[in-house]
Amino acid sequence: MTGMQKLFIDKIVVHMSVGESGDKLIKGEALMKEICNGATPVRTIAKRTVPAFGLRKGQPMGCKLTLRGAVAEEFLATSLAIIEKKIRPQQFDVNGNFGFGIEEHTDYPGQSYDPQIGIYGMDINVVIEKKGVRIARRSAQKKKLPSKQHVKREEAVLFMKERFNVEVVE
């Protein structure tokens with residue numbers, strides 16, 4: 001078994017910030033639920049007050065959701081097609097995770113522009129792991145993760161190239 005076979009997509013976190021609560025946030029949540037195959041988003045709360053953006057601490061300002069398994073891989077394949085399967089090496093962190101943005105929700109299949117909703121962008125963060133990381137997270141007999149279980153940037157890049165035909169461009 002090669003090292004590539006041990007890698008898998010643990011989860012995908014999709015985040016959409018609408019900048020304000022109320023009707024705009026409700027429409028954003030409905031849109032996200034539709035794009036992400038019925039997964040229910042959770043509201044995100046402003047951590048501090050930013051007068052320039054009109055944000056108050058504790059005010060709902062966006063939504064996020066986590067996808068796992070086959071749904072996550074299907075969503076990732078669709079999202080990568082939107083950005084033409086091109087990712088820069090700087091988008092990968094030292095732990096092999098990566099993220100990218102989608103500028104307009106209308107790029108997804110079945111989505112069209114609605115003047116009542118507007119245009120929303122979203123951030124997509126992908127967590128890549130190796131089998132066996134549970135030993136570091138479980139509550140009973142928690143152990144330190146050996147260095148061979150850590151995903152390195154190069155491994156993640158190679159995994160994305162092989163699995164999703166992603167082109168890493170400078």
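No more than 12 heavy atoms of other residues, nucleotides or ligands shown are found within 6.0 angstrom of NZ on K86. Heavy atoms from other residues, nucleotides or ligands lying under 6.0 Å from CD of E103 number 12 at most. Residue-environment remark: CZ (R138) exceeds the threshold of 12 foreign heavy atoms within 6.0 Å.
The closest donor-acceptor contact from the side chain of K11 to the backbone of G69 lies at 3.5 Å or more, if one exists at all. In this structure, the side chain of Q149 does not engage the main chain of P146 through any donor-acceptor pair within 3.5 Å. With hydrogens and angles ignored, the 3.5 Å screen pairs no side-chain donor or acceptor of E73 with any backbone N or O of A70. Between the S21 side chain and the M61 main chain, no donor and acceptor come within less than 3.5 Å of each other. In terms of modelled atom types and a separation under 3.5 Å, the side chain of N97 and the main chain of I128 share a donor-acceptor contact. Of the possible donor and acceptor atoms, none in the side chain of E74 sits under 3.5 Å from a partner among the backbone N and O of V71.
Put simply, the side chain of K64 does not reach to within 4.5 Å of the side chain of V14, judged on heavy atoms. You'll find the side chain of L67 reaches within 4.5 Å of the side chain of L65, heavy atoms only. Between V151 and N95 there is no side-chain heavy-atom pair separated by less than 4.5 Å. Annotation: side chain of T66 is in contact with side chain of R68 (closest heavy-atom distance under 4.5 Å). At a threshold of 4.5 Å between non-hydrogen side-chain atoms, the residues L80 and F100 count as touching. Two residues are said to be in side-chain contact when any heavy atoms from C-beta on lie closer than 4.5 Å; D107 and Q111 fail this criterion. The shortest side-chain heavy-atom distance between V133 and L145 falls under the 4.5 Å cut-off.
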> Would K130 and F8 count as a side chain to side chain contact (heavy atoms under 4.5 Å, CB included) if you check the C-alpha gap in whole Å, the side-chain angles of each, and the deciding distance to 0.1 Å?
Replying inline: CA-CA 6 Å; K130 289 183 180 175; F8 68 101; 5.6 Å; no

>> Before you tell me yes or no, could you show the steps for I102 and I124 under side chain to side chain contact (heavy atoms under 4.5 Å, CB included), namely the whole-Å CA-CA distance, both residues' side-chain angles and the distance that decides it to 0.1 Å?
In response: CA-CA 8 Å; I102 301 293; I124 299 167; 3.6 Å; yes

> Under the side chain to side chain contact (heavy atoms under 4.5 Å, CB included) criterion, do I87 and K161 qualify, and how do the steps go?
Replying inline: CA-CA 10 Å; I87 299 177; K161 283 181 180 178; over 6 Å; no

>> Set out, in order, the CA-CA distance, both residues' side-chain angles and the distance that settles ring-ring contact (aromatic ring centres under 6.0 Å, His included) for F159 and F98, then state yes or no.
In response: CA-CA 12 Å; F159 171 73; F98 70 98; 9.1 Å; no

> Going through the checks in order, is the side chain to side chain contact (heavy atoms under 4.5 Å, CB included) test met by M122 and I35?
Replying inline: CA-CA 11 Å; M122 53 185 78; I35 290 172; 3.8 Å; yes

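Considering all non-hydrogen atoms of both residues, P41 and K33 come closest at CD-CB, 4.2 Å. Between R88 and Q91, the shortest heavy-atom contact is N-OE1, 2.7 Å. The shortest non-hydrogen separation linking E104 to I119 is CG-CG2, 3.5 Å. A pairwise comparison of heavy atoms in I135 and G132 identifies CG1-O, 3.4 Å as the closest pair. For C63 against T44, the heavy-atom pair with the smallest separation is N-OG1, 3.6 Å.
Of the charged side-chain nitrogens involved, none lies within less than 4.0 Å of a carboxylate oxygen, so that D93 and R153 do not count as a salt-bridged pair. Contact check on E29 versus R43 returns a salt bridge, with a Lys/Arg side-chain nitrogen under 4.0 Å from an Asp/Glu carboxylate oxygen. Salt bridge status for E129 with K6: absent, with no side-chain N to carboxylate O gap under 4.0 Å.
Separation of atoms CG (D123) and CG (N125) is listed at 6.5 Å; rounding is to 0.5 Å. Considering CZ of R163 and CG of L158, their distance stands at 13.0 Å, rounded to 0.5 Å.
Side-chain heavy atoms closer than 4.5 Å link hydrophobic residues (I, L, V, M, F, W, Y) into clusters, and following such links, possibly through other members, connects I82 to M160. Under the 4.5 Å side-chain heavy-atom criterion for Ile, Leu, Val, Met, Phe, Trp and Tyr, I9 and L7 are members of the same hydrophobic cluster. Linking ILVMFWY side-chain heavy atoms closer than 4.5 Å, directly or via other members, places F92 and V127 in two distinct hydrophobic clusters.
Under the 3.5 Å distance criterion, with hydrogens and angles disregarded, no donor-acceptor pair is assigned to the side chains of Y120 and S17.
No cation-pi contact links K85 to F164, judged by a cut-off of 6.0 Å to the six-membered ring centre and 45° from its axis.
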